[in-house]
Asker: 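This structure is in structure tokens; I'll ask about it shortly.
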Amino acid sequence: MNTARLAETRDRRGRPLHDLRISVIDRCNFRCPYCMPAEKFGGAGAFLPRREWLKPADIERLARAFSGVGVRKLRLTGGEPLLRAELPEIIERLARIEGIEDLALTTNGALLAAQASALRRAGLRRITVSLDAIDPAVFARMSGGYGDVDSVLAGIEAAVAAGFHSIKINTVVQRGVNEDQVLPLVRHFRNTPHVIRFIEYMDVGNCNGWSREQVVAVAELRTRIDAEFALEPLAPSIGGEVATRFGFRDGAGEIGFIGSVSLPFCGDCNRARISAEGKLFTCLFASQGRDLRDWLQQDDAALAASVAGHWLLRADRYSELRAERESASPQRVEMFRMGG
Ligand code: SAM
Ligand code: SF4
Ligand code: SF4
């Protein structure tokens, strides 16, 4: 199979496949109400049995096939990826794939202090930590009563000590719930190498009771922050980042905004997701995924061709459609299941 030709694979809207998110687990040690509300996901029964998780070797094979089709960036996620005991082995396998320029992880950070060094040694390049509040009571609420802000801050410190110099901090902002945390978080991370990104609350899945009124548009957030700390736009980063970047005029660092609802970026979306049991999703708002287990029975060339053929047919643009109408598709897979 000619991988050079496959590397040019573009979907029906002309978008290449560049970025692959791999979920290594659907379970989590938090119950953030906007993602996995405790009243709906209290017991263990709601999650995949372990035997259904893709094995590290299968994850590696899939990632190699995707790299042959153009993927340059891998991100491990979940659920909470640090709950998967084989995570260092998975990272080691992915770190040696030729053509992969970036290997990153998204975590809630609660278990990071204990694992940061091992992840670094395994070959992880970058870490994003989700942190929705700096105030302990608000943080506890945002994690569904399961999280403790000090353990996440300790995780960030341990990651720095392990050699992850600049960490991305992701904050989902919900109107009336944690919007009062925006400025305290900005103050906390100014004058550090870390980059905080404020994310609009999205209508992922069907369980979080999302409504448009709960979204704080990034334009409003920017105005609020700019009133205390003057901001200036920065050039988009080369890696196709979805965040709009700003610098503090006084040189105290960088922040970002991800306006998934108010500023849909489907036109540039070059991202696919694989769930923990091996389903392929070409949009965060998909109602179903393509089971990859039969593709894993194929030889390497046929596997890469199957991936390319699937991407060629992709036409997803949910967020643009949401902007045009009030609702685009009623049935959606939960984000923690497909990999956030
Ligand atoms: N458990 C890890 C974590 O929280 O970082 C990784 C998986 S989580 C699903 C990935 C990211 O999705 C987190 O930053 C989380 O805040 C974000 N997320 C989950 N539900 C969301 C929603 N409804 N709107 C916007 N972002 C959401
Ligand atoms: Fe868990 Fe992350 Fe979802 Fe929170 S956002 S419930 S930490 S998977
Ligand atoms: Fe990509 Fe789907 Fe999000 Fe649009 S809605 S940016 S196609 S994941």
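Keep in mind that the numbers below use all heavy atoms, side chains included, and drop hydrogens, waters and symmetry copies. Position 1 is the first residue of the sequence, and the numbers go up from there. Counting convention: from 1, in listed order, for ligands and their atoms alike. For clarity, every value in this text was computed on a predicted model and none was experimentally measured.
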Asker: If the contact criterion is a heavy-atom separation under 4.0 Å, does S260 count as touching ligand 1?
Answerer: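 It does not, in that no heavy atom of S260 comes within the 4.0 Å cut-off of ligand 1.
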Asker: Would you say E80 and ligand 1 have an N/O pair spaced under 3.5 Å apart?
Answerer: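 By distance alone, the answer is yes.
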Asker: Does any non-hydrogen side-chain atom of L153 lie less than 4.5 Å from one of L131?
Answerer: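 Side chain of L131 against side chain of L153, heavy atoms only: contact under 4.5 Å found.
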Asker: Which of the numbered atoms in ligand 1 are below 4.0 angstrom from a heavy atom of T77?
Answerer: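 Result: 6 (C), 7 (C).
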Asker: May I ask you to establish whether R190 and F248 are in a cation-pi arrangement, using a distance under 6.0 Å from NZ or CZ to the six-membered ring centre and at most 45° from the ring axis?
Answerer: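 Judged by the rule (NZ or CZ under 6.0 Å from the ring centre, within 45° of its axis), R190 counts as positioned above F248.
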Asker: N108 heavy atoms, cut-off 4.0 Å: which ligand 2 atoms fall inside?
Answerer: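 In order of numbering, the contacting atoms are 7 (S).
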Asker: For ligand 3, which atoms have a heavy atom of F285 less than 4.0 angstrom away?
Answerer: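 Listed by number with element, the hits are 5 (S).
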Asker: Verify side-chain contact (heavy atoms from CB on, under 4.5 Å) between L17 and N270, making sure each step is shown before the conclusion.
Answerer: CA-CA 5 Å; L17 173 54; N270 52 24; over 6 Å; no
Asker: Both conditions, 6.0 Å and 45 degrees, for the charged tip of R31 above the ring of Y146: are they met here?
Answerer: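 Yes.
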Asker: Do you know which two heavy atoms are closest between I156 and I167, and how far apart they sit?
Answerer: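 I156 and I167 have their closest heavy atoms at O-CD1, 3.8 Å.
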Asker: With heavy atoms of G79 as the reference, note each atom of ligand 1 found under 4.0 Å away.
Answerer: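 Listed by number with element: 1 (N), 2 (C), 6 (C), 7 (C).
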Asker: Which of the numbered atoms in ligand 1 are below 4.0 angstrom from a heavy atom of V204?
Answerer: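 Answer for ligand 1: 22 (C), 23 (N).
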Asker: Would you say that M142 contacts Q174 through its side chain, given a criterion of any heavy-atom pair below 4.5 Å between the two side chains?
Answerer: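 M142 reaches Q174 side chain to side chain.
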Asker: Return the closest protein heavy atom for atom 6 (S) of ligand 2 as residue, atom name and distance.
Answerer: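 Checked against all protein heavy atoms, atom 6 (S) of ligand 2 sits closest to C32 N, 3.4 Å.
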Asker: T223 side chain to A219 main-chain N or O, any donor-acceptor pair under 3.5 Å?
Answerer: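 Flag set: sc T223 to bb A219 pair under 3.5 Å.
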Asker: If you count the atoms of ligand 1 from 1 in the order shown, which ones are under 4.0 Å from a heavy atom of V172?
Answerer: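 Near V172, the atoms of ligand 1 are 16 (O), 25 (C), 26 (N), 27 (C).
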Asker: Carefully, step by step, assess S67 and E98 under the rule side chain to side chain donor-acceptor pair (under 3.5 Å).
Answerer: CA-CA 8 Å; S67 131; E98 214 181 305; over 6 Å; no
Asker: Taking 2.8 Å as the cut-off, does C283 contribute an N, O or S atom near atom 2 (Fe) of ligand 3, distance below it?
Answerer: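 Coordinating: yes.
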Asker: Starting from atom 1 (Fe) of ligand 3, which protein heavy atom do you reach first, and at what distance in Å?
Answerer: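 For this ligand atom, the closest protein heavy atom is C269 SG, 2.4 Å.
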Asker: Tell me, which protein residue and heavy-atom name are nearest atom 8 (S) of ligand 3, and how many Å apart are they?
Answerer: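 Of the protein heavy atoms, L284 N, 3.3 Å lies nearest.
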Asker: Hey, which atoms in ligand 3 end up nearer than 4.0 Å to a heavy atom of S319?
Answerer: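 By the 4.0 Å cutoff, the relevant atoms are 5 (S).
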Asker: What is the nearest protein non-hydrogen atom to atom 9 (C) of ligand 1, stated with its residue, atom name and distance?
Answerer: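 Result: G340 CA, 3.8 Å.
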Asker: Verify whether one side chain among R332 and Y318 offers a donor that lies under 3.5 Å from an acceptor in the other.
Answerer: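 Yes, side-chain donor-acceptor contact under 3.5 Å.
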Asker: Minimum heavy-atom separation for G247 and L234, please, with both atom names.
Answerer: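 Nearest heavy atoms, G247 then L234: N-CG, 3.5 Å.
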Asker: Please list, in number order, the atoms of ligand 1 under 4.0 Å from a heavy atom of M335.
Answerer: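 Reading through ligand 1 atom by atom, the close ones are 12 (O), 17 (C), 18 (N), 19 (C), 20 (N), 21 (C), 27 (C).
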Asker: Among protein heavy atoms, which sits nearest to atom 7 (S) of ligand 3, and what does the distance come to when rounded to 0.1 Å?
Answerer: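 For this ligand atom, the closest protein heavy atom is D316 O, 3.6 Å.
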Asker: If you have a sec, work out which protein heavy atom is nearest atom 4 (Fe) of ligand 3 and how many Å separate them, to one decimal?
Answerer: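 Atom 4 (Fe) of ligand 3 sits closest to the protein heavy atom C266 SG, 2.3 Å.
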Asker: Starting from atom 2 (Fe) of ligand 2, find the nearest protein heavy-atom neighbour and note its residue, name and distance.
Answerer: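 The closest heavy atom on the protein side is C28 SG, 4.4 Å.
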Asker: So which heavy atom on E89 is nearest to which on P56, and how close?
Answerer: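 Smallest heavy-atom distance, with atoms named: OE2-CB, 3.4 Å.
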Asker: Please check whether T107 reaches ligand 1 - meaning an N/O of the residue sits under 3.5 Å from an N/O of the ligand, judged on distance alone.
Answerer: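 Yes: some nitrogen or oxygen of T107 is under 3.5 Å from one in ligand 1.
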Asker: Nearest to atom 3 (Fe) of ligand 2, what protein heavy atom do you find, and at what distance?
Answerer: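 Ranked first by proximity to atom 3 (Fe) of ligand 2 is C35 SG, 2.4 Å.
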Asker: Using a strict 4.0 Å cut-off to heavy atoms of F265, name the atoms of ligand 3 that fall inside it.
Answerer: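 Near F265, meaning under 4.0 Å from one of its heavy atoms, ligand 3 has 6 (S).
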Asker: Distance alone, cut at 3.5 Å: any donor-acceptor contact between the side chains of T282 and D316?
Answerer: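 Note: T282 and D316 side chains meet the donor-acceptor criterion.
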Asker: Below 3.5 Å, N or O to N or O, backbone or side chain included: is there any such pair between M202 and ligand 1?
Answerer: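 Yes; the residue has a nitrogen or oxygen that sits under 3.5 Å from a nitrogen or oxygen of the ligand.
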Asker: Return yes when at least one protein heavy atom is under 4.0 Å from atom 23 (N) of ligand 1, and no when none is.
Answerer: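 Protein heavy atom within 4.0 Å of atom 23 (N) of ligand 1: present.
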Asker: Give yes or no for whether the N/O distance cutoff of 3.5 Å, strictly under, is met between Y34 and ligand 1.
Answerer: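 Yes, there is a polar N/O contact under 3.5 Å.
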Asker: Side chain to side chain donor-acceptor pair (under 3.5 Å) for Q181 and T171? Distances and angles first, verdict last.
Answerer: CA-CA 9 Å; Q181 294 298 298; T171 303; over 6 Å; no
Asker: Going by the order shown, which atoms of ligand 1 are within less than 4.0 Å of some heavy atom of E200?
Answerer: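 This gives 25 (C) as the contact atoms.
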Asker: Centre of F285's six-membered ring, under 6.0 Å away, within 45 degrees of the axis: is that where NZ or CZ of R322 sits?
Answerer: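 Judged by the rule (NZ or CZ under 6.0 Å from the ring centre, within 45° of its axis), R322 counts as positioned above F285.
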Asker: Are the side chains of I274 and F281 in contact, using a 4.5 Å heavy-atom criterion?
Answerer: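 They are not in contact (no side-chain heavy atoms under 4.5 Å apart), so the answer is no.
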Asker: If you count the atoms of ligand 2 from 1 in the order shown, which ones are under 4.0 Å from a heavy atom of F30?
Answerer: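 So the atoms of ligand 2 that pass are 6 (S), 7 (S).
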Asker: What protein heavy atom is closest to atom 3 (C) of ligand 1, reported as residue, atom name and distance in Å?
Answerer: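 For atom 3 (C) of ligand 1, the nearest protein heavy atom is S130 OG, 3.4 Å.
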Asker: Taking only heavy atoms of N208 into account, list the atoms of ligand 1 that are under 4.0 Å away from them.
Answerer: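 Per the distance check, 23 (N).
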Asker: Taking only heavy atoms of M36, which atoms of ligand 2 are found under 4.0 Å from at least one of them?
Answerer: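 Per the distance check, 6 (S).
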Asker: Is there a side-chain contact between R224 and E179 (heavy atoms, below 4.5 Å)?
Answerer: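 Yes, at least one pair of side-chain atoms sits under 4.5 Å.
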Asker: With no hydrogens and no angle check, just 3.5 Å: does a side-chain donor-acceptor pair link N170 and R197?
Answerer: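 Their side chains do contain a donor-acceptor pair, which is all the 3.5 Å distance test asks for.
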